[in-house]
Amino acid sequence: MRDITLGQFVAGNSIVHKLDPRTKITIMLLYIVMTFLVKRIYFFAIPLAFLIMGLLLSRISLKYIGRSLKPIRFLLVFMFLLNLIFTGGETVLLDLGFWKLTLEAILQSFFMTIRIVLLVAGASMLTLTTSPIALTDGIEKLLTPLKVFHFPAHELAMMMTIALRFIPTLMDESEKIRNAQMARGADFESGNIFRRVKSMIPILIPLFVSSFRKADELATAMESRCYHGGEGRTRMHQLRFTKADLFALLISLAFIAVLIVLLVLFK
Amino acid sequence: MSIVINHLTFAYTEGGKRLAPTLKDLTFTIEEGEFLGIIGHTGSGKSTFVQHLNGLLPSEKDTVLVDGHDLSEKAERRRARELVGMVFQYPEYQLFAESVAEDIAFGPKNMKLEEPEIDRRVRHAMELVGLDYERFSKRSPFELSGGERRRTAIAGVLSMEPKYLVLDEPMAGLDPKGRGNILALLEQIRRESGCTVIMISHSMDDIARHATKVLVLEKGEIAMLDTPQNVFSHADKLESLGLSVPNVTKICTEMNKRGISIPTTICTEAALLDWFKGVKHHA
Ligand SMILES: Nc1ncnc2c1ncn2[C@@H]1O[C@H](COP(=O)(O)OP(=O)(O)OP(=O)(O)O)[C@@H](O)[C@H]1O
Ligand SMILES: [Mg+2]
């Protein structure tokens with residue numbers, strides 16, 4: 001249970017780690033745009049090169065990227081097969097009568113798979129190099145202009161911070177409750193799907209009750225320390241936009257520009 | 001019959017890696033009818049140890065035997081969970097059912113007992129913990145007071161009528177009266193059903209008064225395993241482990257320092273009183 005690491009931040013001292021979270025979120029969005037602009041498989045070289053550059057600069061081991069892809073491995077295989085089976089095409093490589101394997105289908109399958117892998121790997125780069133606190137700070141700051149339209153930017157960021165903070169606590173707690181019910185003879189491992197879902201009730205109810213209690217206690221604790229929303233609140237860690245940030249943004253824009261030029265040239 | 005611990009070593013794993021062992025080569029036997037008190041500095045492995053007694057944490061072949069059931073096997077573990085009742089720290093947080101009676105019946109139901117037997121056990125368990133059946137059985141566990149909820153949770157374990165009852169700091173967060181109630185309850189079930197009790201506690205006074213044997217854990221190893229009298233007479237050693245001695249022992253040590261010779265094996269008020277009476281007789 002403790003092995004599950006959500007928002008798996010790996011502390012570090014690299015240039016990428018030190019970038020302003022706002023910059024990293026923006027770059028992340030640019031990167032997503034990049035992967036969606038790609039229309040032919042070989043153009044993925046551009047976002048891939050961008051990803052590898054980030055990886056080298058951040059000195060994050062490839063192992064962590066692999067770990068973030070692991071949970072979606074079945075999805076990837078499934079997507080691949082689905083595209084392979086249902087994509088039509090002219091260049092028939094193999095004819096089984098009821099189904100034809102075409103070159104286009106193979107290319108399409110790889111195309112979709114690569115796109116997802118690149119997206120997930122990029123997203124995990126962001127969470128690997130940015131602490132959850134910095135991330136929510138960044139999101140809050142980026143969303144602040146929307147306050148004009150009464151968008152609750154601060155509240156949203158605070159909620160995200162609290163949720164992230166409580167994930168490990170809830171994990172621990174569910175483990176404890178599970179143990180306690182198992183000691184009373186509860187069986188979570190056998191029976192059909194309905195029985196198993198039903199057997200979760202003795203875990204879920206205490207977990208909900210305890211979350212509500214914790215939420216209530218936390219609210220009281222925050223209010224008694226004069227928390228009253230984002231208005232007039234100062235920060236311990238000021239976000240600073242540095243030259244490095246500017247440079248990183250310019251590089252990302254350059255990559256997009258190159259990609260667009262290529263797309264236009266090879267239409 | 002007894003619980004035999006035979007070269008039990010255990011290490012947690014985190015992120016696929018084995019951490020340094022939390023329990024190191026424990027070997028001893030918990031005899032039937034004993035009241036075993038477990039003490040040790042925080043992090044010494046007390047909770048980890050007791051979770052081996054009903055197979056909640058995995059053990060290797062022949063390392064933990066409950067009445068001869070080897071807990072490394074799944075079927076044996078299920079059997080052992082009926083023999084060994086486990087009350088965790090803050091057990092009230094595991095209440096889930098709509099009514100007190102239903103929650104207490106959860107264990108017996110899992111044991112696949114007949115309806116009348118379940119009912120008998122629920123009533124008996126509630127009586128033991130001092131919850132009036134008429135008043136409490138239909139109420140929701142979530143609208144009870146903290147102490148009542150704690151007693152409901154303990155009743156939920158007692159209703160399985162375990163032969164061995166394990167309690168991890170059962171008095172944490174209770175007022176003196178609540179503590180007294182739980183200790184009296186433990187003595188009562190020991191008297192009535194000869195149940196073996198294994199209790200983790202940070203209160204040396206409670207351990208001295210109730211335990212028949214004390215296990216002192218230190219960094220996952222057995223530092224001492226003896227009668228409370230003998231364990232608490234080693235005040236220096238306990239202090240070096242970050243533990244204290246019962247108040248009565250402190251008084252005896254002080255008296256010795258002031259020239260009144262009094263055995264350091266006296267660790268309860270009752271024993272001290274007896275000693276005083278004995279002295280008077282001699283005088
Ligand atoms: N699930 C877990 N994963 C990894 N390490 C753990 C886990 N549970 C406990 N530990 C570690 O094992 C050691 C022993 O913990 P344990 O809970 O058994 O101590 P304890 O003697 O019960 O302490 P306390 O008096 O504070 O309850 C501690 O160092 C703890 O950090
Ligand atoms: Mg403990």
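This one's a predicted model, so the numbers in the text were calculated from it and none came from an experiment. Here is how names work: the chains are called A, B, and so on, in the same order as the sequence lines, proteins then strands, and each is numbered from 1.
- No more than 12 heavy atoms of other residues, nucleotides or ligands shown are found within 6.0 angstrom of CD on B:E60.
- Between B:Y93 and A:S210 the shortest side-chain heavy-atom distance does not fall below 4.5 Å.
- Enclosure of atom CD in B:E192 by more than 12 non-hydrogen atoms of other residues, nucleotides or ligands within 6.0 angstrom is indicated.
- Between the CG atom of B:L56 and the NZ atom of A:K176 there is a distance of 13.5 Å, given to the nearest 0.5 Å.
- The number of heavy-atom neighbours closer than 6.0 Å to CZ of A:F188, taken from other residues, nucleotides and ligands shown, is above 12.
- B:Q94 places no side-chain N or O within donor-acceptor distance of the main-chain N or O of A:Q181, the cut-off being under 3.5 Å.
- Contact check on B:R81 versus A:D187 returns no salt bridge, with no Lys/Arg side-chain nitrogen under 4.0 Å from an Asp/Glu carboxylate oxygen.
- Residue-environment remark: OH (A:Y64) stays at or below the threshold of 12 foreign heavy atoms within 6.0 Å.
- Note that the CE atom of A:M182 and the CZ atom of B:R77 stand 7.5 Å from one another [nearest 0.5 Å].
- At a 4.5 Å heavy-atom cutoff, B:Q89 makes no contact with chain A through either its backbone or its side chain.
- Of the atoms belonging to B:F142, it is side-chain heavy atoms, and not backbone ones, that fall under 4.5 Å from chain A.
- For B:K112, no part lies under 4.5 angstrom from a heavy atom of chain A.
- Atom CG of B:L19 is surrounded by more than 12 heavy atoms from other residues, nucleotides or ligands within 6.0 Å.
- Crowding of A:F110 atom CZ: a count of heavy atoms from other residues, nucleotides or ligands under 6.0 Å not exceeding 12.
- Residue B:M111 does not touch chain A at all, counting heavy-atom pairs closer than 4.5 Å.
- Within 6.0 Å of CZ in A:R240 there are 12 or fewer heavy atoms belonging to other residues, nucleotides or ligands.
- Across all non-hydrogen atoms, the minimal contact from A:R184 to B:N110 is O-ND2, 3.1 Å.
- For the pair A:A183 and B:F88, the tightest heavy-atom approach, listed with the atom from each and the gap, is CB-CE1, 4.1 Å.
- The environment of B:E98 atom CD is sparse: at most 12 non-hydrogen atoms of other residues, nucleotides or ligands sit within 6.0 angstrom.
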